[in-house]
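In what follows, chains carry the letters A, B, and so on, assigned in the order in which the sequence lines appear, proteins first and then strands, with residues in each chain numbered from 1. All values below were derived from every heavy atom in this structure, side-chain atoms included, with hydrogens, water molecules and symmetry-related copies excluded. Computed from a predicted model, the values in this text were never measured in an experiment.
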Amino acid sequence: MAVMKFLCDTKRCIECNGCVTACKNSNDSALQWGIQRRRVVTINDGEPGEASISVACMHCSDAPCMAVCPADCFYRTDDGIVLHNKKTCIGCGYCLYACPFGAPQFPQQGAFGSRGKMDKCTFCAGGPEKDFSEAERELYGANRIAEGKLPLCAEMCSTKALLAGDAGVISNIYRERVAARGNPGAIWGYTPKVGA
Amino acid sequence: MKLTSLRSLFVSLVLPLVVLMGIGLSTSALAGDDQTSQQIENATTSEADLWRAVKAGDPGYTVAKGLEANVLINVAGNEGKNIKIEYINPAMGMVVLGVFGAFLIFYLVNGPSKLSKGFSGKMVLRWSKADLIIHWVLAISCLALIFTGITIMLGRYFLQPYVGEGVWSALIYGSKTIHDYVSPLFIISWLLSVVKWMPLQTLKMYDLKWFLVVGGYINFGPFKGKHPDSGFANAGEKMWFWTLAIFGLFISISGIMLVLPVLDLPREASMAALLIHGISATIIIGFTIVHIWMATVLSEGGMECMTSGYCDENWAVQHHNLWYDEIKENGTLEYKD
Amino acid sequence: MRLTRKKDQVDVAKKPALGLNRRQFLQSAGLATGGIAAASMLGAGMMRKAEAKEVPFDAPTETVRTICSHCSVGCGVYAEVQNGVWTGQEPAFDHPFNAGGHCAKGAALREHGHGEKRLKYPMKLEGGKWKKISWDQAIEEVGSKALAIREESGPDSVFFMGSAKFSNEQAYLYRKLAAMWGTNNVDHSARICHSTTVAGVANTWGYGAQTNSFNDIRNSKAMMFIGSNPCEAHPVAMQHILAGKERGAKIIVVDPRFSRTAAKSDEYAHIRPGTDIPFIYGLLWHIFENKWEDQTFIDQRVYGMERIREEAANWHPAEVELVTGVSGEQMKRIAKLLAETKPGTVVWCMGGTQHHIGNANTRAYCILQLALGNMGVSGGGTNIFRGHDNVQGATDFGLLFDTLPGYYGLKTGSWKHWCNVWDIDYEWVKGRFDPEEHLGQVPMNSTGIPCSRWQDGVLEDKSKIAQRDNIRMSFFWGQSVNTETRGRVVREALNKMDTVVVVDPFPTMAGVMHNRTDGVYLLPACTQFETYGSVSASNRSLQWRSRVIEPLFESKPDHEIMYKLAKKWGIEQEMFKHIKVNGDEPLIEDLTREFNKGMWTIGYTGQSPERLKMHQENWGTFDIKSLEAPGGPAKGETYGLPWPCWGTPEMKHPGSQILYRTGREVKNGGGNFRARYGVEHDGTNILAEGSYSKGSEIEDGYPEFTADMLKQLGWWDDLTAEEMKHAEGKNWKTDISGGIQRVAIKHGCIPYGNAKARCIVWNFPDDIPLHREPLYTPRRDLVAKYPTYDDRMVARLPTLYRTIQEQDFAKDFPIALTTGRIVEYEGGGEETRSNPWLAELQQEMYIEINPADAADRALQNGDEVWVHGPEGAKIKVQAMVTPRVIAGECFMPYHFAGVFEGESLAKNYPEGTVPYVIGEAANTVMTYGYDVVTQMQETKATLCQITKA
């Protein structure tokens, strides 16, 4: 059974924001203006040591959002992807408070009360609705996983910095890169055990 | 601009609260989990610095517009989540079951506190109409918030497994909605009650003695038949009042922070508010259970005060002798027609 | 999600949706229409719903291969189309340039299929109101106005602004249209992008293009980026650059700004804007001092290095540090790195070209590579990254004021060659031009008015310009005028013209920034996804693009609009003599074949539509490292047949990935420097000595091939009888049979001859690169030593130099200002700012300012500021306080427009076309300054003052 993870190679990420718009492209139907499931953050911007990192939901194996949700709307797929049910979501925002990565997004419809239905990266795996159904498209966006494809953000990464897929596979790719260029520690996300 | 200042107001309000309630949010890095980037031993210094900065939550640059979008990792919320799940949720469960259970046992063992001289039939004015309205608005809103709040806090453990998905969705959504919209009512009535009743709730020396005999509610042993001095409010009621006053303040402010997404509070503030809200709720709920027990079954003649506003003269003499003496003396005593 | 049609996007400007009717809507979605008489009452929201319902998820999916239209890297795209609606975009993992990768723009490409902010139908400004008109009326009125002006003022009073967004076929046709209209007043954004490169580099070694390829950068061991920021401007190129880095290459970034690319570098050198030449001479000083130059290479293949040696001697480290700010120690470190780590490549972009000495900058970079012997090898070369998707092609097809397609120039012989290709009478074409001489220039043979200065062509005193009258009417065909400097002057020129015609998918600035109430026409052109044709990437590869969707709304492909105009002007018989026209749409393939017949100079002759389509169908067979196909139908060929692809298509030349590569046979894409400037200069031989391409039967330098030369060599009889007929009296450039080229290559020789590259360009104002301070320089102390030129006539326009530099602006405008790209937007930005997925990411026009300068002005990050230009204009933008720029220098992106000196232009747009994001155009405050050879505008070095708003 696969365990799906994202991994961002900071030596390659150039903050081109291709992943951000690829996500929009893929999940257009579920995303409105202002909701970005993925973002790129540049540390030490404009100075030596600058590094950019693309971040979205990390599909944690011990997901804080899942633990804190009062509606218990989160669930984990067999592939280790953390998804949620927008029909159960009450818009309380607890997942936003708890998530270390700032992944949950809210449409912020009103000033008072519910924040609306939470939206976050689905690893392009849709949601609890029937695969490819209109409801799934409208609420969650693409279901590339069901089509046998990986998230569009990683597939379209301009420099192949962002990898998505089974932890074993992407860690092998990363291990090969490390071996070729000798800079471990440049990685964000699933951390493979490098070396002996 | 207005929002920003509101926001900073709340930030500045929440910090003292955190200190007050003694919650230290640890900001140590997320441990051990393979979700986060880990420092690999032989990394170069600059990489080490980079990850140190990332883990410390240093802000960077991003074109994303969301709240704190420029921070990669902020573990504060996760630490808060741990506190909530490990301590506050169980505490709430224990308080609800424990306090209720303890009083049930006490009632069964001890029985209610009877009027030693029986009912006189003469009713003394104790609460005005305004007092009654304030009390019941507060009581009903508070109960609504308690039931919906407990559903929000613990429903996923004790309800969700036993109801269908549709029912659960409706239940949790309804709870959240009711909780949000009843809360202003609670805050208003709480505020009025605190302002209106505070003069009657100042602590006196004789209140200490009241505690020594446990208010005279115990029907056995050395406490049996004791009727300690008390004014308009006895020491127990004063404690309840001040608890409600203080934690009502906490719960109201933290609640406002949680129910207004427009404030765009940082995650630390929101999570702190959530924790304060939970702790305050636990305490208030504990006292509420006590209060209801005392008023309904444990104190004969007590309930009458809040239904009609009048109490039996004998009840007044037994439970609030100093007050009775005082009104009698200064002529403000008023009987029911 | 693949099916997803458009969701309602938040309309930032809160404009009501344009009331397009359902018929147009369905047409836009490519759907068949039924009985829907009442449907025009539907609101936009309902129509969108209808659209989504029209495409069930399981509707059959057609996958179309196309190429991203946002930059010259040329990324492949799989577009998925269902029921005529563009419903999905999949990464083209098998594409040899991008392997599926995209930047923000490429990844948002599918939004082009929505086009909600597009111009929906032809419009006319009448009494201050936009009025919908029909295509017939639009062509009739626009055409008649042009004819009337032609009658009164001559053909040169109509200006043809073209576009790097054209396909090759459209670019070629547009040039032909201008030629047959009878003017050289045709130009496009290459003028303000790489015109100085084209001039400087072509005059150094033959061709003014990227010498190697993006993929070949993988083989470099050292890369120097000077005035180039591929992380933002060419993000997918970084895939190859970082692959090279991971293979051990060192990256040097030379830039006034600590860019994203600098963050990936091993060595970052900050130079003051406009000091590229001192920097290069500074490196050469160390190279010569330490004898690090490649003397054998220089002896065999370079002319005039001694002059460079003399000039470099003046640039000792202290002087270099004084002028550029780079320490001697760092200069030496970089020089040593370049000398010891070979092959190395030099990459430059707008940071080098957009100066009034831009042509000399580009020559300096070339000279550095010549000294190091880095040319003509894999991993070396000058990798000049072009900007727009087809700016290379549009340049090659002569969408320029000084040449016909294929860099043939404007001489009578050139005209005769093209008339020969077009199969029309030269005298007829000549008759189309203004025959009179003006200020000593004959319009047909003299350089026209450049894209950078059409506004001066409108406003300048007409007795001072070298044509009959001012420009009175202009087509702004796929070019937004906010990319031209001196915004106030641009506005005034727009106001003054008789008629303004915008042909574009969007209204663009020419349509909205004027104060006119009449005489503006907006003609909706469609994007490249709604038509098809070939496109040339920066690496000279041609790629075929297939049509993804039918033209949206009432828009039409550019070539169809050109045909309509030609017909109105009565020149369609001559113009389309050998081109099939379906309805009003000329056949693209016939256009390709026609230019194949004439583009001998740069080898655009072997890329027939059939060969290009075959490459398109076989992306996956080309190796991403070598760009060559090891097998399959294109076996042995380089992807996209990068020009020169010699001879006829039948010759099956594989294309030349690396120019001047002596290590390969010409027939396999090898070559050597071009013999373009004769055989000797000042009595010195300038042909190559002892260096020649592999397999050449002439084992030394040789001049370019002519019919006579073939005869002298005894190779004439290798021609077929048919070829002899065409070749007689012709040369390799004008023999339309391709015979001379074929025979030369058969004998291992390259048709254009084998010469040395030249460091001395004796036909330019500065024969070797010389440093001259920017017109608006902050360093008054250096003006006396490094002054600019005297004012002079350049092409048809008087051009100021000394007059400006003499004035001291630095005391009131103390901050040096440069501009550049950001990754989310492109060009004038109208298209990308109308794409909500992109617009969401950059919502505010800003200026990057150092914390020290900000502190001096009490500015916080995010504060509104006024940026004042020395020519009086000012713009209101947001301050971004950042260490990316040093104190005393600042930076602005140039893609914003729609706000002019604090005044929103949103009210001027036709309803429903205001882009999601508008902002001040940087070029409103950018200043005068034009390259002395090419009229490139100086947007990389000026001055400004910043005050709190």
Which heavy atom of C:P883 sits nearest to which heavy atom of A:E47, and what is that distance?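 The pair with the smallest heavy-atom distance is CG-CG, 3.6 Å.
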
Region of [X] in contact with chain A, defined by heavy-atom distances below 4.5 Å:
X: C:F93; result: side chain
X: C:A99; result: both
X: C:E848; result: neither
X: C:A839; result: both

Would a 4.5 Å heavy-atom cut-off, applied to side chains only, mark [X] and [Y] as touching?
X: C:C103; Y: A:N17; result: no
X: A:S158; Y: C:H102; result: no
X: A:P48; Y: C:Y268; result: no
X: C:W837; Y: A:D28; result: yes

Between the side chains of A:N25 and C:E111, does any donor sit under 3.5 Å from an acceptor?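 Not at all, the side chains of A:N25 and C:E111 share no donor-acceptor pair under 3.5 Å.
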
I need the [X] [atom1] to [Y] [atom2] distance, nearest 0.5 Å.
X: C:R110; Y: A:K24; atom1: CZ; atom2: NZ; answer: 12.0 Å
X: A:T42; Y: C:R260; atom1: OG1; atom2: CZ; answer: 4.0 Å
X: A:C16; Y: C:Q239; atom1: SG; atom2: CD; answer: 10.5 Å
X: C:H240; Y: A:T159; atom1: NE2; atom2: OG1; answer: 11.0 Å
X: C:Q89; Y: A:M156; atom1: CD; atom2: CE; answer: 4.0 Å

Set out, in order, the CA-CA distance, both residues' side-chain angles and the distance that settles side chain to side chain contact (heavy atoms under 4.5 Å, CB included) for A:I14 and C:T261, then state yes or no. CA-CA 8 Å; A:I14 56 172; C:T261 311; over 6 Å; no

Would you find a donor on one side and an acceptor on the other, under 3.5 Å apart, between the side chain of [X] and the backbone of [Y]?
X: C:K264; Y: A:C13; answer: yes
X: C:E840; Y: A:G34; answer: yes
X: A:T21; Y: C:A104; answer: yes

Apply side chain to side chain contact (heavy atoms under 4.5 Å, CB included) to residues A:K160 and C:M238 and explain how you reach the verdict. CA-CA 10 Å; A:K160 312 289 170 193; C:M238 288 305 290; over 6 Å; no

Taking only Lys NZ, Arg NE, NH1 and NH2, and the carboxylate oxygens of Asp or Glu, determine whether A:E50 and C:R884 approach each other closer than 4.0 Å.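 No salt bridge links A:E50 with C:R884.
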
Salt bridge flag under 4.0 Å for residues C:E246 and A:K11: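 Here C:E246 does not pair with A:K11 in a salt bridge, since their nearest N and O are not under 4.0 Å apart.
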
Within a 6.0 Å radius of atom NZ on C:K250, are there more than 12 heavy atoms belonging to other residues, nucleotides or ligands?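 No, NZ of C:K250 has 12 or fewer neighbouring heavy atoms, counting only those of other groups under 6.0 Å.
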
